[in-house]
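In what follows, every chain begins at residue 1, and chains take the letters A, B, ... in the order their sequences are listed.
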2 protein chains.
Amino acid sequence: MRIGDLAEKSGLSTDTLRYYEKIGLIPRPLRDAGGRRIYDGTILRWIEFLDRLKATGMGIRDRLRYAELRTLGSASLAERRSLLESHRRKVVADIARLTETLEVLDDKVVLYRRMEAGETVDPAFESCARTEHGAPPNQDSSHHDRRTGARPRADRKA
Amino acid sequence: MRIGDLAEKSGLSTDTLRYYEKIGLIPRPLRDAGGRRIYDGTILRWIEFLDRLKATGMGIRDRLRYAELRTLGSASLAERRSLLESHRRKVVADIARLTETLEVLDDKVVLYRRMEAGETVDPAFESCARTEHGAPPNQDSSHHDRRTGARPRADRKA
DNA sequence: TTACGAGTTGGAGCGCACTCCAGGTCAAGA
DNA sequence: TCTTGACCTGGAGTGCGCTCCAACTCGTAA
């Protein structure tokens, strides 16, 4: 399999694949007589897993560390496990936050629908929706230069 | 409330608050006689909500758009709602992916524990854990210069 | 009065994760 | 043989989201 095929199958660009190789996320493949990368199909499972780690918020440093540990074989099993366990904790926390946010969004959407329908909104419901809606409070529209954001001070440096 | 107080209460740095103001995420506050920003406590709810959007993966462009719509008052309710609804869909998808990943991580952790204990791993179980473990396949360790990554080709350009 | 700490500004710098490019090599098909 | 088109390399550029900095002002407490 050449880099173009792998790109297609993995969903990454050839540039990204070469970049991952450069930084050490994926191992250096063998080359054919012309110097072109030849990949074994098993690399796809590794890329898929890396992708999963990335998509769930693992930073590049940890992915790199995990990749590095992987090359060390079975001696690194315990550390790899601990890395995954700590990522697992982050994933659990993220799920909690997302679930919470889902509720907030739902409340707000309902509130907006009511407001769109011209309903007067019950203040109790408003606070339940944790709303911040409406025109921003105490906006200073008069004292700033639009381009620079500089305030005309009485005598700056004069 | 001055910027330092707001920073403490919101968990953002004063630099970040000024940056948010500069790009338009938060409204320009009033100033005191000395030109210092004076904040109304209600801004905290807005910052909190922005933070929630950011923490759940909404990019800066959409947050900016939402902030902009907010300044337009009730005329923008429908568009704000649609923005939130589309974010909601992303959040739902993210929860699904995280939940899936949680399973993959759990499988891998169990697998690692077994391997650490010196168990021979049942191949069927291995594939269930979607494993990519072990030394990387077909690593090319011999043909590259360590510093440049350049392969000594037989007669490059000679 | 002076020293200090909190605030002001514009602008530079940074880490992440790519993405693009110039200028080249190579293999295979017309 | 010639021409594609896929691939190679090192390095520059990009967008996000801050973060840090220099150089300044202001209000207050010793």
Side-chain angles (χ1 to χ4, degrees), chain A residues 1-8 10-26 28-39 47 50-51 53-65 67 140 143-158, chain B residues 1-8 10-26 28-39 47 50-51 53-55 57-65 67 140 143-145 147-158:
Chain A
M1 189 164 43
R2 295 201 314 220
I3 199 168
D5 307 312
L6 182 59
E8 203 176 328
S10 69
L12 302 175
S13 71
T14 57
D15 272 328
T16 300
L17 287 169
R18 279 188 288 255
Y19 164 71
Y20 278 5
E21 180 184 327
K22 188 162 75 184
I23 66 171
L25 267 188
I26 59 179
R28 286 181 178 175
L30 295 167
R31 305 290 182 120
D32 68 12
R36 294 179 298 190
R37 293 168 176 83
I38 299 297
Y39 295 96
I47 290 174
L50 276 178
D51 224 54
L53 292 179
K54 183 193 146 201
T56 54
M58 185 186 281
I60 203 159
R61 254 185 262 271
D62 284 346
R63 275 178 288 151
L64 226 47
R65 178 79 187 131
D140 180 8
H143 299 87
H144 289 73
D145 177 80
R146 204 164 285 102
R147 275 179 308 278
T148 66
R151 273 182 81 259
R153 210 79 60 80
D155 51 354
R156 193 173 183 170
K157 197 225 150 191
Chain B
M1 188 164 45
R2 296 201 314 220
I3 199 168
D5 308 311
L6 181 59
E8 203 175 329
S10 68
L12 302 175
S13 71
T14 57
D15 273 327
T16 300
L17 287 170
R18 279 187 288 254
Y19 165 71
Y20 278 6
E21 180 185 328
K22 188 163 74 184
I23 64 170
L25 267 187
I26 57 180
R28 287 180 178 175
L30 295 167
R31 305 291 183 120
D32 68 12
R36 294 178 301 191
R37 292 168 176 82
I38 300 299
Y39 294 96
I47 290 175
L50 275 178
D51 225 53
L53 292 180
K54 183 192 146 200
M58 186 186 281
I60 203 159
R61 253 186 262 270
D62 284 347
R63 275 178 287 152
L64 225 48
R65 178 78 186 133
D140 181 7
H143 298 86
H144 289 71
D145 177 80
R147 277 179 309 278
T148 65
R151 275 181 83 259
R153 212 81 59 81
D155 51 355
R156 195 172 182 171
K157 197 226 147 188

Checklist entry - Quick one: which of Arg2(B), Glu21(B), Met1(B) gives a side chain to side chain contact (heavy atoms under 4.5 Å, CB included) with Arg37(B)? => result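 Exactly one pass, corresponding to Glu21(B).
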What is the distance, rounded to the nearest whole Å, between atom [atom1] of [X] and atom [atom2] of [N]?
X        : N       : atom1 : atom2 : value
Asp32(A) : dC8(D)  : CG    : C1'   : 11 Å
Arg31(B) : dC26(D) : CZ    : P     : 13 Å
Ile23(B) : dC16(D) : CD1   : C1'   : 10 Å
Ile3(B)  : dC26(D) : CD1   : P     : 17 Å
Leu17(B) : dT9(C)  : CG    : P     : 13 Å
Arg36(B) : dA6(C)  : CZ    : P     : 11 Å
Leu6(B)  : dT8(C)  : CG    : P     : 11 Å
Glu21(A) : dC7(D)  : CD    : P     : 14 Å

Next on the checklist: Please check: side-chain N/O of Asp62(B) versus main-chain N/O of Gly59(B), any donor-acceptor pairing under 3.5 Å?
Outcome noted: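 Side chain of Asp62(B) to backbone of Gly59(B): no pair is present.
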Checklist entry - Is the shortest distance from a Lys or Arg side-chain nitrogen in Asp15(A) or Arg18(A) to a carboxylate oxygen in the other one below 4.0 Å? => result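 A salt bridge links Asp15(A) with Arg18(A).
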Next on the checklist: Output one letter per nucleotide in nucleotides 15-21 of chain C: B when a protein non-hydrogen atom lies under 4.0 Å from the base, S when only the sugar-phosphate is that close, - when neither is.
Outcome noted: SSBBBB-
Checklist entry - salt bridge (Lys or Arg N to Asp or Glu O under 4.0 Å) with Arg63(A): which residues, sequence neighbours excluded? => result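 With neighbours one apart ignored, the set is empty.
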Next on the checklist: Tell me every residue that passes side-chain hydrogen bond (donor to acceptor under 3.5 Å, both in side chains) with Ser10(B), counting only those two or more places apart in sequence or in another chain.
Outcome noted: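 Applying side-chain hydrogen bond (donor to acceptor under 3.5 Å, both in side chains) to Ser10(B) gives none.
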Checklist entry - Under 4.0 Å between a side-chain N/O of Arg37(A) and OP1 or OP2 of dC8(D), yes or no? => result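 It does, given that an N or O in the side chain of Arg37(A) lies less than 4.0 Å from OP1 or OP2 of dC8(D).
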Checklist entry - When rounded to the nearest 0.5 angstrom, what is the spacing between CD1 in Ile38(B) and CG in Asp32(B)? => result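 The CD1 atom of Ile38(B) sits 4.5 Å away from the CG atom of Asp32(B).
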